[in-house]
Amino acid sequence: MKRKTIIGAVLALGVVGAGFALWMMWRPEIAAVSPPQSAGRESLDRGRRIVEAGDCAVCHTRPGGDYMAGGLPLITPFGTLFTTNITPDRETGIGKWSLPAFERAMREGIARDGHFLYPAFPYVHYRKLSDADIADAYAFLMSVDPVKYTAPDNHMVFPMNFRALVSFWNLLFLHGDPLEPLPDRSAQWNRGRYLVEGAGHCSSCHSPLNLIGGEKSSELFNGGIVDGWTAPSLRGMAEAQHPWNETQLVAYLTGKVAEDHGAAAGPMLPVSLSIAQLPAEDAQAIAHYILDLKQSSSVATSPPCPPVANSTAKALPGASLFDGACASCHGAAAPMRAIESRPALASTSAVMADSPRNLIQTVLQGIPMSTSDSSHYMPGFADSLDDTHLAAIAEYLRNESCPTRPWTDLDKTIKSIRAQE
Amino acid sequence: MITLDINGKTHELDIPQDMPLLYALRNQVGLNGAKYGCGLGQCGACTVLVNDKPVFSCLTPCGALEGKSVRTVESLGSADKPGPLQKAFIDEQAAQCGYCIAGMIVRAQALLEANPHPDDDTIRRHMAPNLCRCGTHVRILAAIKSVIAQGAKV
């Protein structure tokens, strides 16, 4: 009798558990639809802007590949993902998706057929978009050229290859509805917040991630590392020792050279080229909002670098390497410096930063030609300078900029970045 | 003194550490194949091989080259005995003014040494850093592809 009770209880628990698992991990398919009628010009224009603000093409277009056809590898700590085809091709893209299916993907991270999307797709941010913006983005994506292309299979480590586990991740990190404007803040501030926290999903890179790849909510915007580059903290930029103003940040965000600071490189370059496609008011709103993000009290800020009257940098071995490799563009008398008030390297974010990472990355890889009007192209030096030369040049530049706090991890950083090439 | 290994020969040169390799090649060693174009690493006319990789010699300080091997277009053949790429560039009449050609040949050489059968897309991406103001890119590509088609060892 007693045994039957136990068996019964175990069975009941099993049924409840299975039911719970099913409820957690199963999502219905949303019926395929015929291609929607082309939306009006205005909706398409609005949709194009939302898609640019959301940087969709940055991930969903692989180098040399067709627009939005996917296939870009995203290397995560849990394996490699390949972005999907979001052109309206009916077999390999999202051509069979209805607006409700698209909206569910954007807000809950569920594909039309019911499978869970990995959170590398930033639905935790896109869910903050308004209904109208999602509808316009859908209309625009349905209007791009359909491309038949299937991305390579993902290589996720066990157990992350089991997509339904994302349901538990969602339980922890998927919350927050469309952002309501704060009535006590300006329209520009609210617009900036909507773009930064919604479509722009800035904190995806500019926040530290926890062990399971979620943004640490207590350290939002405190900076992170992405693709081997430092995504610097967005907090306290207006009050920093070398402060940013709105004009400079707007220039930076739109692919131009920011006076006294430098220009976007690495993973931020395509983002800035996307923002450059937005109306100027949007870039200004983003800059306005970011410059209002205050330094969080929990973060220890680095002591300032006192100005040095007589730099000893010229005596360092890196000085002659700089003269031979860098000075024709970056030297004080270089004609390139006269364009757009390009700053001395000593005052750029890459050299002022606590970590040499972004300087090393830029020197190794350079900055590719871009389609913006004033491309800040730089050739890469990975094949002409070896590790000791790189370290010497970095030491020299840092000494010009902040001699009281030299970089102590140069060799290690260079080796780890080279290893990732 | 700086010791440079250029086209298999050792040169002891009394030059400053910060002298760009291009200047040493042209002014000290007398190798005039590599050309000065922009001096900014934007055109590729000065391309040479350092440890088999194409680099802009105008932005490579000699002080960074101790113990490395430098190869210029002169190492690939001569007017009497042109190498496979040089011959193909002549056969395809790839040069108009010719200023970019030494850099083009050297960059193509690096590609074919590492990958004897690149596809068109790979060739185009690899050659992208080198510019030709005359616009003979189509003939340059044809010359590179003819070497690949012949299967000639570069």
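The chains referred to below are lettered A, B, ... by the order of the sequence lines, with proteins before strands, and numbering in each begins at 1.
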(request) Sort Phe322(A) into side chain, backbone, both or neither according to what part of it lies under 4.5 angstrom from a heavy atom of chain B. (result) neither
(request) Please indicate whether Lys53(B) has more than 12 foreign heavy atoms, meaning atoms of other residues, nucleotides or ligands, lying under 6.0 Å from its NZ. (result) no
(message) If you compare all heavy atoms of Ser328(A) against all heavy atoms of Gly39(B), which two are closest, and at what distance to 0.1 Å?
(response) OG-O, 3.0 Å
(request) Could you list which of residues 58-78 of chain B have a heavy atom closer than 4.5 Å to any heavy atom of chain A, in residue-number order? (result) Cys58(B), Leu59(B), Thr60(B), Pro61(B), Gly63(B), Ala64(B), Lys68(B)
(message) Please output the residues of residues 102-122 of chain B in contact with chain A, using a heavy-atom cutoff of under 4.5 Å, in numerical order.
(response) none
(request) Taking all non-hydrogen atoms of both residues into account, name the closest pair between Pro379(A) and Phe56(B) and its distance. (result) CB-CE1, 3.4 Å
(request) Name, in order of residue number, those residues of residues 14-28 of chain B that have a heavy atom at a distance of less than 4.5 Å from a heavy atom in chain A; otherwise write 'none'. (result) Gln17(B), Asp18(B), Pro20(B)
(message) For Arg124(B), I'd like to know if atom CZ has over 12 heavy atoms of other residues, nucleotides or ligands within 6.0 Å.
(response) no
(request) Take atom CZ of Arg133(B) as the centre, draw a 6.0 Å sphere, and report whether it contains more than 12 heavy atoms from other residues, nucleotides or ligands. (result) no
(request) Sequence neighbours left out, what passes disulfide bond (SG atoms under 2.5 Å apart) with Cys38(B)? Give chain and number order. (result) none
(message) If I measure from the heavy atoms of chain B, does Met336(A) come under 4.5 Å with its side chain, its backbone, both, or neither?
(response) side chain
